[in-house]
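The structure appears below as structure tokens.
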Amino acid sequence: YFAGAIYATKARKQISAEMITMFTENPAYIYAAVLLQRVVTFALCLIYTWWGLDFFHWSFTDGGKTNLWQIPIYVGQGAVLFGLIGMLAYFLRDVVMILRVKPSEYRHGEV
């Protein structure tokens, strides 16, 4: 599941509800909306990654194991942390890429 989330983030195929282009064709407004969306998405993913790291640390120090196979709980929770770190890296890429473009030269969907 989280490997798929990383891939969707890399390919920019997440579900979105971008409607700004329906209201304006001004590249500066569209740029501002996309920049805000990318910064907020990165910030939220950063918070979730922090929580995932705390959750992984807790499961690692708690020492819990599954009932039948006695697999440490942190093995499964490590996948969540790995997925969050991967998504965070691609969200950071998206923020950096949009910041490298001038608002007046922004073309929606290119960056």
N26 CG to I20 CD1 distance, which is reported to the nearest 0.5 Å: 9.0 Å
Kindly compute the distance separating CZ (F2) from CD1 (I85), expressed to the nearest 0.5 Å. 11.5 Å
Step through it carefully: locate the ring centre of F91, locate the ring centre of F42, and say whether they are under 6.0 Å apart. no
Residue pair L35 / Y31, side-chain heavy-atom distance below 4.5 Å: yes
What is the ring orientation for W51 with Y48, classed by angle as parallel under 30°, tilted 30 to 60°, or perpendicular over 60°? tilted
Give a yes or no on whether the backbone of P27 and the side-chain of R107 come within a donor-acceptor separation of less than 3.5 Å. no
Hey, could you give me the OG1/CE distance between T24 and M19, rounded to the nearest 0.5 Å? 13.5 Å
CD1-NZ distance between I71 and K65, expressed to the nearest 0.5 angstrom: 10.5 Å
Separation of Y74 OH from H57 NE2 (nearest 0.5 Å): 13.0 Å
Are F82 and I6 close enough that some pair of their side-chain heavy atoms sits under 4.5 Å apart? yes
Of all heavy-atom pairs linking Q37 and T41, the shortest is O-OG1, 2.7 Å
Minimum heavy-atom separation for R38 and V95, please, with both atom names. O-CG2, 3.5 Å
Check whether any side-chain heavy atom of L53 sits under 4.5 Å from a side-chain heavy atom of T49, and report yes or no. no
Are L88 and V96 in one and the same hydrophobic cluster, where Ile, Leu, Val, Met, Phe, Trp and Tyr link if side-chain heavy atoms are under 4.5 Å apart? yes
Do you reckon W50 sits in the same ILVMFWY cluster as F60, going by side-chain contacts under 4.5 Å, direct or chained? no
Residue E25 excluded, over 12 heavy atoms near CD under 6.0 Å: no
Are I47 and L36 connected in a single hydrophobic cluster, I mean Ile/Leu/Val/Met/Phe/Trp/Tyr linked by side-chain heavy atoms less than 4.5 Å apart? yes
Do the side chains of Y1 and F56 join up, straight or via other hydrophobic residues, at under 4.5 Å, putting them in one cluster? no
Side-chain touch L84/M87, heavy atoms, less than 4.5 angstrom: yes
Once you round to the nearest 0.5 Å, how far does OG1 of T66 lie from CD1 of I73? 6.0 Å
Shared hydrophobic cluster, V34 / V40 (ILVMFWY, side-chain heavy atoms < 4.5 Å): yes
Heavy-atom side-chain proximity of Q77 to L81 below 4.5 angstrom: no
